[in-house]
Amino acid sequence: MGNDNMSENNKLIFLDVDATLYSKEQRLVPESTIKAIHEAQENGHKVLINTGRPLVYFEKEILDIGCDGYLCSNGVHILLDGETIYHKTVPETVVEQIKRICEENNIYGTFEGEKCSYFRDHNVDFHPHYGFMITAFDLAPYMAHEFTWDHVENPDKAIVFTGPGSNTSGFVDALDSISDAMDYIRIDDTQYEILLKDHDKGTGLTYVADHLNISTDDCYAFGDSNNDISMFKAAGHGIAMGNACDELKEIAEYVTDSVNDDGIYHAFKHYHLI
């Protein structure tokens with residue numbers, strides 16, 4: 001499975017999207033970040049996105065950067081140089097169980113897949129990040145989406161939110177009923193990602209490194225959130241953004257500036273990737 005085009009000096013760089021690559025406040029990728037990515041590629045390194053987002057949830061400006069690969073939906077869907085090298089989806093019976101658990105506990109969110117994102121509704125006020133995601137799709141109609149759970153098909157994962165009237169403890173307890181098939185990550189007390197068992201950003205990173213015959217010691221992971229912890233643990237180098245959560249900063253090898261203060265560019269310089 002090795003790739004003879006990569007020399008022992010080439011590195012693999014993995015970037016989370018929201019609040020790492022992409023500024024949520026400005027809804028754009030900073031120019032300095034795009035410059036850093038292209039310079040790193042010119043130096044022979046591969047730059048890959050490693051995100052909880054599904055393939056369908058990429059603004060055109062992110063795709064236009066021209067990264068070398070995309071690890072989508074927390075490691076369950078991996079594309080490298082335009083080809084899918086790994087993909088698994090949530091079984092239909094499990095999708096129905098997740099829907100029931102959410103509906104019984106007043107939990108809202110999105111089933112995310114390769115071809116479509118399925119929102120439970122269009123309530124931008126239920127939870128800030130749920131509203132952020134809904135607005136992102138409203139602003140980019142070319143990203144396929146539905147505001148109903150009536151036609152969910154072959155999702156990679158689910159991201160769900162608590163809000164007014166939610167029974168959070170009942171929801172978390174109910175997740176035990178699907179623990180043979182699914183894991184979950186608590187992003188914070190109001191936000192959870194429900195993932196296929198034994199898949200996360202770290203397993204995705206390791207899979208790509210093995211595929212390219214590159215040591216994980218030569219992998220650089222950039223992130224800001226709890227769901228980046230597995231990626232940091234898998235990579236030789238974990239770099240937290242200045243705006244990252246404290247839990248991630250504590251295990252980071254290096255903390256750079258925030259996404260809005262050229263953090264990616266400064267860290268690439270720090271590690272001599274550019």
Side-chain angles (χ1 to χ4, degrees), residues 11-41 43 45-53 57-59 61-75 128-129 132-133 136 159 185-193 200-202 204-205 208-209 216-274:
K11 315 297 185 187
L12 298 179
I13 302 166
F14 296 85
L15 304 175
D16 171 55
V17 174
D18 292 300
T20 297
L21 172 79
Y22 187 82
S23 167
K24 292 173 69 175
E25 296 81 13
Q26 301 176 39
R27 287 192 182 272
L28 54 75
V29 180
E31 282 297 322
S32 66
T33 299
I34 298 172
K35 183 174 189 285
I37 291 170
H38 291 162
E39 288 185 13
Q41 289 172 318
N43 287 340
H45 309 308
K46 281 191 180 291
V47 181
L48 306 101
I49 287 175
N50 195 355
T51 179
R53 290 189 182 202
Y57 184 7
F58 284 99
E59 286 86 355
E61 68 183 275
I62 296 177
L63 295 173
D64 285 347
I65 295 170
C67 290
D68 298 289
Y70 303 88
L71 290 73
C72 307
S73 301
N74 288 64
H129 191 68
F132 171 84
M133 293 170 67
I159 179 168
I185 300 172
R186 185 190 69 82
I187 304 300
D188 58 41
D189 288 339
T190 66
Q191 182 175 342
Y192 297 80
E193 291 192 272
D200 55 38
K201 290 187 179 184
L205 181 152
V208 171
T216 53
D217 291 342
D218 289 322
C219 292
Y220 295 75
F222 290 75
D224 67 282
S225 174
N226 285 359
N227 72 353
D228 296 312
I229 290 173
S230 64
M231 177 168 66
F232 276 33
K233 288 182 175 178
H237 310 276
I239 300 96
M241 304 302 291
N243 49 273
C245 66
D246 290 340
E247 194 174 353
L248 193 67
K249 286 180 176 177
E250 285 171 8
I251 66 166
E253 178 179 86
Y254 181 70
V255 178
T256 186
D257 297 307
S258 74
V259 60
N260 294 320
D261 294 319
D262 306 319
I264 295 290
Y265 187 84
H266 293 153
F268 278 30
K269 281 281 195 185
H270 174 81
Y271 280 101
H272 306 292
L273 298 166
I274 58 176

Participant: Could you pull out all donor-acceptor pairs under 3.5 Å where a side-chain atom in residues 22-30 meets a protein atom, sequence neighbours excluded?
Facilitator:
residue	atom	partner	partner atom	Å
Y22	OH	R27	O	3.2
S23	OG	E25	OE1	3.3
S23	OG	Q26	N	3.1
S23	OG	N260	OD1	2.6
K24	NZ	H129	ND1	3.1
E25	OE1	N260	ND2	3.0
Q26	NE2	N260	OD1	3.1
R27	NH2	F132	O	3.4

Participant: List for me each residue that meets side-chain hydrogen bond (donor to acceptor under 3.5 Å, both in side chains) alongside S32, sequence neighbours excluded, and say none if there are none.
Facilitator: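 S32 satisfies side-chain hydrogen bond (donor to acceptor under 3.5 Å, both in side chains) with D262 only.
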Participant: Could you work out, with salt bridge (charged side-chain N to carboxylate O under 4.0 Å, His left out) as the rule, every residue matching K269, not counting sequence neighbours?
Facilitator: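 Checked K269 against salt bridge (charged side-chain N to carboxylate O under 4.0 Å, His left out); zero matches.
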Participant: Any chance the rings of Y220 and F14 have centres within less than 6.0 Å?
Facilitator: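 For Y220 and F14, the ring centres are not under 6.0 Å apart.
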Participant: Quick test of your reading: applying salt bridge (charged side-chain N to carboxylate O under 4.0 Å, His left out), list the pairs with at least one residue in residues 227-237, sequence neighbours left out, ordered by first then second residue.
Facilitator: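 Salt bridge (charged side-chain N to carboxylate O under 4.0 Å, His left out) check on residues 227-237 returns K201-D228.
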Participant: By side-chain hydrogen bond (donor to acceptor under 3.5 Å, both in side chains), which residues pair with E59, not counting sequence neighbours?
Facilitator: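 If we apply the side-chain hydrogen bond (donor to acceptor under 3.5 Å, both in side chains) test to E59, skipping adjacent residues, the hits are R53.
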Participant: Listed by chain and number, what are the side-chain contact (heavy atoms from CB on, under 4.5 Å) partners of H38, not counting sequence neighbours?
Facilitator: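 Here the qualifying residues are I34, Q41, I65.
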Participant: Tell me every residue that passes side-chain contact (heavy atoms from CB on, under 4.5 Å) with A209, counting only those two or more places apart in sequence or in another chain.
Facilitator: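 By the side-chain contact (heavy atoms from CB on, under 4.5 Å) rule, A209 matches L12, T216, C219.
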Participant: Considering residues at least two apart in sequence or located in another chain, which fulfil the ring-ring contact (aromatic ring centres under 6.0 Å, His included) criterion with F222?
Facilitator: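 Only F268 meet the ring-ring contact (aromatic ring centres under 6.0 Å, His included) criterion with F222.
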Participant: Classify the ring geometry between Y254 and H270 as parallel (under 30°), tilted (30 to 60°) or perpendicular (over 60°).
Facilitator: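 Because their plane-to-plane angle is under 30°, the rings of Y254 and H270 count as parallel.
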Participant: Can you name the ring-ring contact (aromatic ring centres under 6.0 Å, His included) partners of F58, sequence neighbours left out?
Facilitator: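 Y70.
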Participant: Per the salt bridge (charged side-chain N to carboxylate O under 4.0 Å, His left out) rule, what does the pair list look like for residues 64-73, sequence neighbours excluded?
Facilitator: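 Qualifying pairs, neighbours excluded: K60-D64.
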Participant: List in chain and number order the residues that pass side-chain contact (heavy atoms from CB on, under 4.5 Å) with A244, two or more places apart in sequence or in another chain; answer none if no residue qualifies.
Facilitator: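 Expected list: D224, A240, L248, K249.
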Participant: Stepwise, does the salt bridge (Lys or Arg N to Asp or Glu O under 4.0 Å) test hold for E39 with K35?
Facilitator: CA-CA 6 Å; E39 288 185 13; K35 183 174 189 285; 2.6 Å; yes
Participant: Quick one: list whatever passes ring-ring contact (aromatic ring centres under 6.0 Å, His included) with H266, sequence neighbours left out.
Facilitator: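 H266 satisfies ring-ring contact (aromatic ring centres under 6.0 Å, His included) with no other residue.
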